[in-house]
Amino acid sequence: MMMVGKFITFEGPEGGGKSTHIKRLAERLKALGHEVLLTREPGGTPTGEAIRGILQHEHTGEMVCPEAELLLFEASRAQLVRTVILPALKRGVWVLCDRFADSTTAYQGYGRGFDIETILLLNSQAMGECIPDLTILMDIDVQAGRERLVQRNLAMNTTSDRIEREAVDFHERVRAGFLALAQRWPDRIKVVNVKREPDVVAAEVWQIVERCLLRHSDMASE
Ligand code: TMP
């Protein structure tokens, strides 16, 4: 199926500033005249946001078992892809998504220990033909990421969610998992070191996106 928009995902450990940088990228793309849709996982649809509530805050009073957690992330994704992302891409919209399938591989695969190839299979069921054109991996070491998270929670008067409260070694596995995925798919996943000034990070994100845009238009003119 012909898709005309571009699909960019932002991934990485907590505290990497994904939400800030995804918004900055959206503004820059809009200034160039692109129509941009910003969304997130889990969430982005009424079904997905309900799932997000279940996953983040145990408001049912019941522990979500790891298998249910995995499938809930996939369910949120399946709904988002079919009702929001694919229709937008087909209209020519650029879709920017805060977390996507690589998060499941990193958190549920490398973090929780589910078999990686099984997760990749589940991811592909959930996302169908909707594979990101580009993934920006906002990389930060676990200690620094956690410090930033504490600052953010203080500033916003919020508390850590269920997954953020996991032990340090879980988050170390998640970070290493993301980096392993970047090695496996170097053409799609670009690593950005976020332990620098926000303007420097934003400039690097933009450079990467420009390269991707350029390659795209080169291919289109072949
Ligand atoms: P965030 O959107 O604030 O980063 O929170 C989402 C949380 O859910 C974060 O801790 C990462 C986690 N997560 C997974 O464990 N698996 C997934 O597939 C996704 C999308 C997120």
Side-chain angles (χ1 to χ4, degrees), residues 7-23 26 38-45 47-59 63-81 84-85 95-116 118-127 130-132 135-140 142 144-146 148-178 180-181 189 194:
F7 180 31
I8 303 176
T9 57
F10 275 59
E11 296 278 13
E14 274 99 10
K18 283 182 289 79
S19 323
T20 308
H21 286 286
I22 205 168
K23 283 187 204 126
L38 203 59
T39 188
R40 68 170 180 180
E41 276 205 359
T45 64
T47 304
E49 292 296 328
I51 291 174
R52 184 180 180 94
I54 295 173
L55 282 167
Q56 291 196 321
H57 296 296
E58 288 162 336
H59 62 196
M63 263 262 302
V64 180
C65 71
E67 290 74 11
E69 176 187 88
L70 167 62
L71 295 170
L72 284 168
F73 280 118
E74 298 293 4
S76 172
R77 178 164 311 130
Q79 187 74 9
L80 182 67
V81 162
V84 175
I85 299 180
V95 178
L96 309 186
C97 193
D98 189 340
R99 295 198 183 280
F100 196 62
D102 297 310
S103 274
T104 312
T105 320
Y107 283 85
Q108 282 62 53
Y110 289 95
R112 298 250 186 262
F114 281 106
D115 174 63
I116 301 299
T118 306
I119 301 255
L120 294 177
L121 215 60
L122 289 170
N123 284 345
S124 102
Q125 284 290 315
M127 58 186 186
C130 192
I131 298 164
T135 296
I136 311 275
L137 173 49
M138 307 292 275
D139 183 50
I140 187 161
V142 171
R146 285 171 90 89
R148 285 188 184 199
L149 207 62
V150 170
Q151 295 305 324
R152 188 196 68 187
N153 285 338
L154 277 175
M156 297 175 72
N157 201 20
T158 52
T159 53
S160 291
D161 69 32
R162 198 174 55 84
I163 292 178
E164 286 165 359
R165 286 196 303 271
E166 285 288 340
V168 171
D169 64 334
F170 172 87
H171 289 287
E172 293 286 3
R173 288 196 300 279
V174 169
R175 181 188 180 213
F178 274 125
L181 294 179
I189 306 180
V194 300

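The first residue in the sequence is number 1, and the count goes up from there. Heavy atoms only: backbone and side chains are in, while hydrogens, waters and symmetry mates are out. Ligands are counted one by one from 1 in listed order, and the atoms in each one are counted from 1 as well.
Between atom CD1 of residue I8 and atom CD1 of residue I136 there is a gap of 6.5 Å, rounded to the nearest 0.5 Å. The NE2 atom of H21 lies 12.0 Å from the CG atom of D98; values are rounded to the nearest 0.5 Å.
Side-chain atoms of T105 and N123 include a donor-acceptor pair closer than 3.5 Å. Defined by atom type and a distance below 3.5 Å, a donor-acceptor pair is missing between the side-chain atoms of Y107 and R173. Residues T104 and R77 have side chains that bring a donor and an acceptor to within less than 3.5 angstrom of each other. T135 and E11 form no side-chain donor-acceptor contact under 3.5 Å, judged by distance and modelled atom types alone.
The protein non-hydrogen atom at the shortest distance from atom 7 (C) of ligand 1 is Q56 NE2, 3.9 Å. Residue, atom and distance of the protein heavy atom nearest to atom 3 (O) of ligand 1 are R52 NH2, 3.6 Å. Scanning the protein for heavy atoms near atom 4 (O) of ligand 1, the closest one is R99 NE, 2.7 Å. Here the heavy atom of the protein found nearest to atom 9 (C) of ligand 1 is E14 OE2, 3.2 Å. For atom 18 (O) of ligand 1, the closest non-hydrogen atom on the protein side is T104 OG1, 2.5 Å.
At least one heavy atom of R77 lies less than 4.0 angstrom from ligand 1. Contact between R40 and ligand 1 is absent, with no heavy atom of the residue lying under 4.0 Å from the ligand.
Contact annotation for I163 and ligand 1: only side-chain heavy atoms (C-beta onward) come within less than 4.0 Å of the ligand.
Of all the atoms in ligand 1, the ones that sit under 4.0 Å from a non-hydrogen atom of K18 are 4 (O). Every atom of ligand 1 is numbered from 1 in the order shown, and the set under 4.0 Å from a heavy atom of Q108 is 14 (C), 15 (O), 16 (N), 17 (C), 18 (O).
Taking each of F73, F10, Y107 in turn, the one with a heavy atom nearest to atom 21 (C) of ligand 1 proves to be F73.
For A106 against L181, the heavy-atom pair with the smallest separation is N-CD1, 4.4 Å.
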Walk me through it: do Q108 and E69 pass the test side chain to side chain donor-acceptor pair (under 3.5 Å)?
CA-CA 8 Å; Q108 282 62 53; E69 176 187 88; 2.7 Å; yes

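Geometrically, ligand 1 and E164 share no nitrogen or oxygen pair separated by less than 3.5 Å.
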